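Read the structure below first, then the notes.
Quick caveat, the model's predicted, so the values are computed rather than measured. As a basis for the values below, the full set of heavy atoms in this structure was taken, side chains included, without hydrogen atoms, waters or symmetry mates.
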Amino acid sequence: MNFPFYVARRYLFAKKSHHAINIISGISVCGVALATMALICTLSVFNGFHDMVASFFTAFDPELKVMPAEGKYMKHDDAKLQALREHKDIAVLTETLEDNALIINGNHQTIVTLKGVEDNFIELTDIGNLLYGDGAFQLHADVLQYGILGIQLTQQLEVSARFEEPLQVYAPKRGAKVNMANPAASFNQASLESPGVVFSTMQSKYDNHYVLTSLEFVRSIFEAEGNLTALEIACREGADVNRVKKDIQKQLGNGYRVLDRYEQQADIFRIMEVEKLLSYLFLTFILVIACFNIVGSLSMLIIDKKADVTTLRNMGASDSQICSIFLFEGRLISTFGAVAGTLLGILLCWGQQTFGWLSLGDSSGSFIVDAYPVSIHAWDVILVFITVTLIGYLCVWYPVRYLSRRLL
């Protein structure tokens with residue numbers, strides 16, 4: 001066994017002449033362990049919220065979405081887009097057109113996002129599981145056009161899932177200037193009937209602002225015949241989405257962007273990643289402070305073992321070996337703290353997942369989930385362990401070398 005490591009191990013566990021040194025060493029291990037545990041638990045909570053938000057978007061967003069690289073619209077009859085209908089890994093493909101419009105119901109009005117989709121939209125996403133009401137998913141019937149509202153939007157307009165009077169929809173005419181004498185002449189106007197259902201994604205972006213209706217209706221009111229804003233795709237079961245995405249991007253070229261579900265909500269997930277990074281940096285700073293407790297413990301140990309150092313020198317130990325003893329001592333404290341904190345952090349996260357110890361509020365059902373969601377990612381555990389051991393090693397290197405020269 002390595003001589004400095006052997007002596008350092010004995011010093012760590014052996015009883016010291018001053019009991020305070022044992023206490024301070026124990027406090028150092030506990031400080032590193034608690035900081036490690038806090039890092040793992042905090043990152044796991046961010047992972048839990050990340051996965052939870054991703055699951056909600058999954059219910060409404062397509063697996064892949066094709067959008068123009070520049071501008072707002074794509075042409076329906078583009079040969080490259082039409083060729084995608086023959087792609088062997090695409091199970092469902094639907095054209096969509098989105099734009100903002102004004103909806104009025106009596107004395108209530110609000111700006112909404114009209115999303116026109118084809119009838120196979122229900123096959124593309126899990127929208128069928130998000131509907132509430134006694135009706136069914138229906139976009140049009142004969143000359144009638146239906147609108148499926150987000151559940152929070154119905155509250156703004158003070159309508160139920162089955163509203164009696166049609167909703168009035170207004171959209172500005174393309175290229176028209178507002179006539180102040182008759183403003184209504186500058187807008188296209190149409191009405192939407194109720195299919196008897198509303199949708200709820202538990203995401204305010206959709207529930208507060210979106211209205212699903214037929215592609216024909218949206219093209220008509222926005223004067224966008226032959227245009228679409230996106231092509232939404234569901235892959236064949238068992239197909240590798242990332243591979244299909246790369247294949248479609250290669251087939252379409254640089255004039256189009258192919259987005260997966262995370263890229264479709266890039267802003268939200270980017271904010272969550274930044275918050276996670278800032279929490280990691282903040283807790284790492286606290287970890288650095290905790291590691292300086294090790295320096296105090298080693299300082300007292302060096303003073304306590306002066307007689308032992310003299311004996312070791314007389315037996316032939318070099319100064320570098322003696323310095324290595326105390327370096328190993330500090331590293332052992334960091335390693336034990338990192339291992340203990342990692343195990344404790346994983347145990348607490350498992351308990352939160354299983355029993356939901358820490359709740360979001362006092363009233364059950366007030367939130368989407370009752371307890372803080374956690375998700376342990378192996379890479380985060382590895383990152384935390386490496387961070388703790390690396391900081392612990394760096395924090396003791398210079399102080400031990402300095403103290404060894406001054407005190408021994």
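- The aromatic ring centres of Phe60 and Phe199 sit less than 6.0 Å apart.
- Ring orientation note: the planes of His50 and Tyr262 are close to parallel, at an angle under 30° on the 30°/60° scale.
- A 6.0 Å sphere centred on CD of Glu165 holds no more than 12 heavy atoms belonging to other residues, nucleotides or ligands.
- For the atom pair CG of Leu348 and CD of Gln352, the computed distance is 9.0 Å after rounding to the nearest 0.5 Å.
- With hydrogens and angles left out, the side-chain atoms of His76 and Glu95 include a donor and acceptor closer than 3.5 Å.
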Would you give me the side-chain donor-acceptor pairs under 3.5 Å for residues 248-256, sequence neighbours excluded?
residue: Gln249; atom: OE1; partner: Val258; partner atom: N; Å: 3.1
residue: Gln249; atom: NE2; partner: Gly253; partner atom: O; Å: 3.0
residue: Gln249; atom: NE2; partner: Tyr256; partner atom: O; Å: 2.9
residue: Tyr256; atom: OH; partner: Asp78; partner atom: OD2; Å: 2.3

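- Scanning all heavy atoms of the two residues, the minimum distance from Ala338 to Thr389 falls at CB-CG2, 4.0 Å.
- Residues Thr113 and Glu98 have side chains that never bring a donor and an acceptor to within less than 3.5 angstrom of each other.
- Judged purely by distance below 3.5 Å, without hydrogens or angles, the side chains of Asn100 and His209 never pair a donor atom with an acceptor atom.
- For residues 263-272, the set of pairs meeting the side chain to side chain donor-acceptor pair (under 3.5 Å) definition, not counting sequence neighbours, comprises Asp61-Gln265, Lys205-Gln265, Tyr206-Gln265, Lys245-Glu263, Asp267-Arg270.
- Of the inter-residue distances, the one linking Glu123 atom CD with Glu118 atom CD reads 10.5 Å to the nearest 0.5 angstrom.
- We find the CE-CZ distance between Met67 and Arg257 to be 5.5 Å, quoted to the nearest 0.5 Å.
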